There are 2 protein chains.
Amino acid sequence: MTDPSDAAIASADGRGERRSIPDATVARLAVYLRALTALAEQGTVTVSSEELASVAGVNSAKLRKDLSYLGSYGVRGVGYDVALLVERIARGLGLTRGRAVALIGIGNLGHALAGYGGFATRGFRIAALLDADTSRVGELIAGLTVRHIDELAEIVRSEQVSIGVIATPAQAAQDVCDRLVEAGVTSILNFAPAVLAVPEYVDVRKVDLAVELQILSFHEQRKSLRTRSRRRAGLEEVG
Amino acid sequence: MTDPSDAAIASADGRGERRSIPDATVARLAVYLRALTALAEQGTVTVSSEELASVAGVNSAKLRKDLSYLGSYGVRGVGYDVALLVERIARGLGLTRGRAVALIGIGNLGHALAGYGGFATRGFRIAALLDADTSRVGELIAGLTVRHIDELAEIVRSEQVSIGVIATPAQAAQDVCDRLVEAGVTSILNFAPAVLAVPEYVDVRKVDLAVELQILSFHEQRKSLRTRSRRRAGLEEVG
DNA sequence: TAATGTGAAGCTTTTCACAGCC
DNA sequence: GGCTGTGAAAAGCTTCACATTA
């Protein structure tokens with residue numbers, strides 16, 4: 001908690017507290033990090049903004065601007081050192097000390113999340129699996145024993161949990177959320193299809209499968225409408 | 001395919017093709033739809049922008065502007081008719097004809113997605129479960145038999161699949177994506193932690209658990225940095 | 001009167017384009 | 001010569017505030 005290297009993040013350029021990184025940039029930094037890790041694994045040492053942008057699926061100007069919020073870590077005429085950039089982004093995102101995550105709701109989705117290897121490799125540690133259903137308590141999943149949700153507050157304290165993941169049915173989500181907030185958790189990732197009410201100091205991100213599909217559905221519809229309009233327009237132009 | 005009611009979407013206001021709905025609005029419309037469905041279930045007939053906004057977690061001006069892209073369906077001094085709005089949003093998002101979805105990759109996550117009830121209730125139909133692993137082929141999940149990925153093209157044609165969901169490991173994702181595109185699928189929801197390369201006419205949305213956690217991690221970090229800076233600033237102000 | 005619908009203002013994000021540096 | 005870093009312009013999104021209307 002008093003690691004001096006952390007203070008450097010806020011003032012890495014030596015001119016006091018850095019201007020906050022835009023939300024849109026933060027989301028992309030996480031994607032760049034994944035791409036860079038893959039590049040590092042296959043032995044790439046240096047990468048240009050053009051190359052990295054193409055791998056990450058953005059344009060190079062945006063990538064350069066995004067990286068510039070972390071500081072000036074590129075070399076003109078050369079590009080970026082992959083290992084250095086991985087380190088800087090990880091630090092910028094606060095991934096240097098494997099944050100503890102509590103996963104609540106061990107149904108189908110909870111099982112899948114518990115078994116997801118990406119947690120450990122990408123800066124997180126599952127500290128606990130919790131469920132309200134006593135018949136699930138005691139089950140062993142991915143090396144962890146499912147515990148009862150009533151133990152939440154104690155676990156959050158002892159394991160220093162800073163992120164809660166809600167994978168319960170929608171009806172249970174707000175209650176679980178309240179318990180997390182009560183226990184002192186200030187970041188929540190919500191997979192339940194429900195909007196959570198939280199104090200303003202708590203961050204919530206949500207993943208809703210049906211919403212994602214509905215967004216795709218909208219664009220699908222526009223594709224077919226466009227085709228039809230073009231057809232109509234074509235006929236009109238002839239006349 | 002020649003349902004005349006669809007043409008009305010593009011020109012519902014009688015003044016020719018409507019200006020395209022902003023992406024940010026489309027994403028929220030899906031959330032409003034969920035909230036409205038819940039309200040309808042509990043018997044609410046009419047709702048004001050203020051009420052609906054609060055349930056959906058946005059402010060009322062934004063909600064009204066979002067809804068205005070669909071047309072003028074509110075009543076001044078009264079609010080919105082819940083059932084009418086559900087219908088208009090569903091139509092606006094293209095949810096009127098249960099789109100067929102193919103789910104590829106029946107591991108932990110694939111199982112969870114296959115068992116997710118929200119598909120059917122929110123405008124979609126799982127047309128097929130597919131996997132490359134022959135030992136998984138034949139397994140029965142949620143009433144569907146897992147089939148081999150080589151059958152993809154045929155299934156897409158016969159079932160009119162318009163959306164593909166990729167739940168494979170990262171290494172397999174691009175190959176599966178290519179097969180989907182080849183088969184004529186133009187919308188893809190990708191759960192694999194990989195950036196997919198697709199032709200410009202194909203829409204891809206991605207869900208990456210680790211990216212979501214990393215975004216939360218960034219904000220967590222800022223919370224603790226802010227606290228520390230305040231502490232520091234406090235000391236300095238005293239001197 | 002109560003609440004919608006919407007121009008206009010303000011803010012954020014993206015893109016451009018090129019100076020600066022290795 | 002080649003590529004980064006970044007002001008400035010453009011585009012997109014949110015919020016304001018109020019005229020409008022049932």
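Model, not experiment: these values are computed from the prediction. Residue numbering restarts at 1 for every chain, and letters A, B, ... go by the order of the sequence lines.
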For A/Ala56 and A/Val31 the tightest heavy-atom approach is O-CG1, 4.1 Å
Return yes if some donor-acceptor pair links the side-chain N/O of A/Gln221 with the main-chain N/O of B/Gly92 below 3.5 Å, else return no. yes
Looking at A/Ala27, is its backbone amide N or carbonyl O close enough to the side chain of A/Asp23 to form a donor-acceptor pair, meaning the two atoms are under 3.5 Å apart? no
B/Leu70 CG to C/dG5 P, straight-line distance once rounded to whole Å: 11 Å
Could you list the donor-acceptor pairs under 3.5 angstrom formed between side-chain atoms of residues 199-207 of chain A and any protein atom two or more places apart in sequence or on another chain?
residue	atom	partner	partner atom	Å
A/Asp203	OD2	B/Lys223	NZ	3.2
A/Arg205	NE	B/Glu212	OE1	2.5
A/Arg205	NH2	B/Glu212	OE1	3.1

Test salt bridge (charged side-chain N to carboxylate O under 4.0 Å, His left out) applied to B/Arg122 - qualifying residues, sequence neighbours left out: A/Asp208
Once salt bridge (charged side-chain N to carboxylate O under 4.0 Å, His left out) is applied, do any residues pair with A/Arg28, and if so which ones, sequence neighbours excluded? A/Asp66
If a pair satisfies salt bridge (Lys or Arg N to Asp or Glu O under 4.0 Å) and one of its residues is in residues 167-177 of chain B, list it, with sequence neighbours excluded. B/Asp175-B/Arg179
Just to verify, what does A/Leu95 make a side chain to side chain contact (heavy atoms under 4.5 Å, CB included) with, not counting sequence neighbours? A/Leu33, A/Ala90, A/Leu93, A/Phe124, B/Gln214, B/Ser217
Euclidean distance, atom CG of residue B/Leu67 to atom P of C/dA3 [Å, nearest integer]: 16 Å
So does B/Ser48 get a backbone contact from the side chain of B/Glu51, meaning a donor-acceptor N/O pair under 3.5 Å? yes
Neighbours of DNA chain C within residues 40-53 of chain B, by heavy-atom distance under 4.0 Å: B/Ser48, B/Ser49
Is a donor on one side and an acceptor on the other found under 3.5 Å between the side chain of A/Glu50 and the backbone of A/Ser60? no
Shoot me the first and last contacting nucleotide of DNA chain D against chain B, ordered 5' to 3', at under 4.0 angstrom to non-hydrogen atoms. D/dC13 to D/dA22
Under 3.5 Å between N/O atoms: give me all the protein pairs with nucleotides 12-14 of chain C, atom names plus distance.
residue	atom	partner	partner atom	Å
C/dT14	OP1	A/Arg28	NH1	2.8
C/dT14	OP2	A/Arg28	NH1	3.1
C/dT14	OP2	A/Arg28	NH2	2.7

So, using salt bridge (charged side-chain N to carboxylate O under 4.0 Å, His left out) as the criterion, who are the partners of A/Arg76 when residues are at least two apart? none
How would you list, by chain and number, every residue that makes a salt bridge (charged side-chain N to carboxylate O under 4.0 Å, His left out) with B/Glu87, sequence neighbours excluded? B/Arg91
Which residues satisfy the side chain to side chain contact (heavy atoms under 4.5 Å, CB included) test with B/Glu182, sequence neighbours excluded? none
Under 3.5 Å, which protein N or O atoms sit close to an N or O of nucleotides 19-22 of chain C? Give each pair with its distance.
residue	atom	partner	partner atom	Å
C/dG20	N2	A/Arg76	NH1	3.4
C/dG20	N3	A/Arg76	NH1	3.0
C/dC22	O4'	A/Arg76	O	3.4

